[in-house]
Amino acid sequence: MRTPHKALGAVVVLTSAAMALAACSSSPSTKKSSGALTASAPGITATTITIGSHQPLTGPAAPGYSEIAPASNAYFQYVNAHGGIYGRKIIYKYLDDGYNPTNTSTVVHQLVLRDNVYAIFNGLGTPTHLAVVSYLNSQKVPDVFVASGCECWNQPSLYPETFGWQLDYVREGKILGRYIEQHFKGKKIGYFYQNDEFGQDGVKGLGYEIPKSQVVARETYVPTDVKIGPAVAALKAAGAQVVVSFSIPAFTALLKLNALGLNYNPTLVVSDVGSDPITLAGLLNAFAKKSGSFGSSLINGIITDGYLPSLGDTSNPWIQLFKKVHDQYDAKAPLDGNVLYGEAVAYTFVQAMFKAGKNPTRQDLINALNAGNFPQGPSVAPFAYSATDHNGMTGAYIGIIKNGVIVPQGGVLVTDDSPTGPVTAYTTPQPAPPASGIPSP
Amino acid sequence: MTLARHLAAAAAAAVVIALISVQLGSYRDYQIAEVAAYVIAVAGLTVLIGLSGQISVGNGAFMALGAYATALLQLRVPWLPAHLGGWSIVVIFLISVVVTAAGGAVVGVAAARLRGPYLAGATLLLAVAFPAAVADRYAGVFGGDQGLGVTVTTPAALGPAFPPTRWLTWLTCAAALAGLVLLANLARSRVGRSWRALRDDEVAAALSGINVARLRVLAFVVSAASAGLGGSLLAVVSSIVSPGAYTLSLSIGLLTAAVIGGLGSLLGAVWGSLLLALIPGYLSNVATSHGGRLFGLPSGATSFVPIAAYGVVLIVVMLAFPSGIQGGLRRLFGPVAPVAAGPLARLARRGRRAPAGLPASRHGLAAARHRGSGPRGDDRRGQAGEPSRRSGRRHARTRDTHQRQSEHQEEGTR
């Protein structure tokens, strides 16, 4: 019986498709190195270091955060133009994941398997990066300076390859919480936070400092749903006089607008990642279809914290360095907190690569961070890195937004991530960057 | 006999895929695994639409159901890995398929009462509401937007140096092939023939003793189970289950993949899935290598180019091959007469009842009655036979007038 066959056909197609794929695939060529520089690890050749990242270039977290990776790249270009890292140039491939964890998984597989990156650098977002953290560790790919303050990155025995960078949300919650506890005694406090480990960690830290009896409402949002009206109404109904918000910029702006619509004007305390004044002012103007000073006037008085020098402090040598790099390589973006963040984390990466040695393996980078005593660089407080601690920064200053910049209130505060560890002042002045603007080996 | 042939073909494919995956780089392996997950989901949908004549715009929701079942079984039932090791994933796949089949039965019972656009609307609701709303509402169980992690352990028997991605490819391709064999058998069985009869003329099918309601529900169950297996496979491929993967655009993507490939054809499902899985990735890579810009668009707009390109491909394929890639290939290389009206056109006619009376469906019914001895009822034959069962008057008409005519008739019945 001559019956051409469906399953047989499907099989033929499947296999021919696989063959077509095979034809397109190419094996990475490792160059024979001349001189002392060798292809010492995946992603490292005699002349280049290729690193990758997943970034929200589109989607709910894109406003503001999409500036971070180009800013990091600007700093890498600056380093490349001034001798590179032991002569190697950095190639930074950042792919868009739209702040969607499934996309994160896809693009990170692509970076690791196809682009053969040396490390994943500054992968952005808590829910997104959680999707790939075990994969990266199982593949022994260094996963450094995650752009999220989740405590989840600090699990050296489970995730030996993963390191945080920015102030973790528990420490940040404690530092903000202590300020609130001191300055708003007896006031009713409401929490508004992203319903994942970002918000939950922040609230955990706040809870270590703020008495439970003062907290009258705990409202959450998810980044894919912009309808936060009911949550804001609940905060108002509970009579919260101070609202602490662990939110991404778009949702800080929505919180402010929804509160405005309800004629509700609590004191806002916002996590660093959701409080960049330039981003917020722009978002408020865009959401409310206004222009001019509408947005920037709305955000005056927001209390937040900062772990990098304030952009308003134009005489600070770090701000001067990052402004110089920005003006030369990334001038199209506004010089705001996101650009500062991107350049600063790139600076830390260059520092780490210099410490990892001239011909580093992947493990050498991990060892350099595990060794501890990591230089502070652009951070206002020391890093926590050691073999048993993969958290990044340990402190920040409190700031209040005035006329589009964060004005520091008092000095730097440091703490640990335990429930009882005290919040103390850190008085050692921040070392200035080297004159070249590039860390030395 | 049929089963043996299907099995032999699948075994041959498995061997070839295994050999190829050894030659390929890990990233290509990963892509094959991804395609395998889509193939089985699209195959289930193409059987539902092309054979039983029902439509579902919500199969992404069934994929989500399968994926969440997989993640939850792995997280909440430690008994499985403890007793079965790396092979527990196979059991998890089976249970996930049963779970989604049950879900499909529930939806199918409701769907059996709906026709054409109403059915599409109802299943659309499923795609829009199900994954995101449920996952966020019960974030404690489903992990909210962040989702749940899924891990696959390579069996120890393969040795410690065996690349995990290759195992992933083997696992997903084996599961997809098993699913395809089952679908191919079903399509050629009495059930498949009855579906075609049902698709061609429901009243005629009912008059000749086919249990219409039961078969319609069964089609939904089969399609949901296939989508569930696809979801399970996608979960292990991407190592995460989160609502962001099972959006409306996935459901629409499955539908377009089935249409582009050629409705009712399992081969077509493979073509469609290849496009679905590879085009967006390819284009965003092109965009990345051009510094995030394509066609001089700003980078924000460039991120939508892959979706737009998918639309363009759909339009081009539909213009060139109205019956999908597989239909086009048949027309170009096949020994039989060109396909006259694709299943889509039949679908458009579903709204009205018993248009031409019994004779319209003679072919399909004969196939159902003969159980293999007469015309095979194989889909290709079914489509090829279509012109002959239409009156010459219709056969002479162009597709356009044909469609318009059926629309007029539909209006007439309202």
Side-chain angles (χ1 to χ4, degrees), chain A residues 1 3-15 17-22 24-28 57-59 62 66 93-96 98-107 109-110 112-115 126-128 130-135 138-139 194-197 220 222-225, chain B residues 5-6 9-10 12-13 16-17 20-21 23-32 34-36 39 43 132 136 139 144-147 149 151 164-165 173 177 180-181 184-185 187-188 238-240 242-245 265-267 269-271 274 281 284-285 288 292 299-300 303 376 378-380:
Chain A
M1 203 182 300
T3 341
H5 226 278
K6 213 147 289 276
L8 184 65
V11 157
V12 170
V13 173
L14 256 183
T15 45
M19 281 171 173
L21 284 173
C24 323
S25 82
S26 59
S27 58
L57 305 181
T58 59
S66 61
K93 288 191 172 179
Y94 50 93
L95 301 180
D96 182 21
Y99 207 61
N100 175 343
T102 305
N103 293 352
T104 312
S105 172
T106 308
V107 300
H109 274 90
Q110 193 173 320
V112 172
L113 298 176
R114 190 196 61 181
D115 300 331
T126 306
T128 46
L130 275 172
V132 292
V133 63
S134 31
Y135 171 71
S138 72
Q139 300 293 301
Q194 188 165 311
N195 199 7
D196 55 26
E197 304 211 21
T220 62
V222 291
T224 44
D225 185 0
Chain B
R5 257 201 324 260
H6 287 161
V16 176
I17 290 174
I20 287 176
S21 74
Q23 299 299 315
L24 284 174
S26 322
Y27 184 61
R28 298 292 170 196
D29 277 3
Y30 178 75
Q31 285 184 308
I32 293 178
E34 207 177 356
V35 170
V39 164
D136 286 335
D145 268 9
Q146 202 167 293
T151 51
T165 324
C173 286
L177 281 171
L180 284 178
V181 166
N185 269 305
R188 295 172 56 78
S238 52
S239 65
I240 182 172
S242 73
S265 156
L266 296 184
L267 275 139
V270 178
W271 292 124
L274 275 170
S284 42
N285 290 337
T288 313
S299 56
S303 65
R376 295 286 304 178
D378 147 24
D379 183 49
R380 178 143 80 73

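Heavy atoms only: backbone and side chains are in, while hydrogens, waters and symmetry mates are out. In what follows, chains carry the letters A, B, and so on, assigned in the order in which the sequence lines appear, proteins first and then strands, with residues in each chain numbered from 1.
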- Side-chain touch A/Val132/B/Ser239, heavy atoms, less than 4.5 angstrom: no
- Specify the closest pair of heavy atoms between B/Tyr27 and A/His109, including all atoms of both residues, with the distance to one decimal. CD1-O, 4.0 Å
- For chain A, which of B/Gly244, B/Pro243, B/Ala269 has the most heavy-atom pairs under 4.5 Å? B/Gly244
- Note on the structure: Across all chains, not counting sequence neighbours, the side chain to side chain donor-acceptor pair (under 3.5 Å) partners of B/Ser238 are none
- Atom group of A/Asn100 that falls short of 4.5 Å from chain B, counting heavy atoms: side chain
- Query: Relative to chain A, which segment of B/Pro164 carries a heavy atom at a distance below 4.5 Å: side chain, backbone, both, or neither?
  - Reply: side chain
- Part of A/Gln194 lying under 4.5 Å from any heavy atom of chain B: neither
- side chain to side chain donor-acceptor pair (under 3.5 Å) filter on A/Thr224, not counting sequence neighbours, yields B/Asp145
- chain A heavy atoms under 4.5 Å from B/Thr165: which part of the residue, side chain, backbone, both or neither? side chain
- Task: Determine the minimum heavy-atom distance between B/Tyr30 and A/Leu113, stating which atoms define it.
- Result: CB-CD1, 3.8 Å
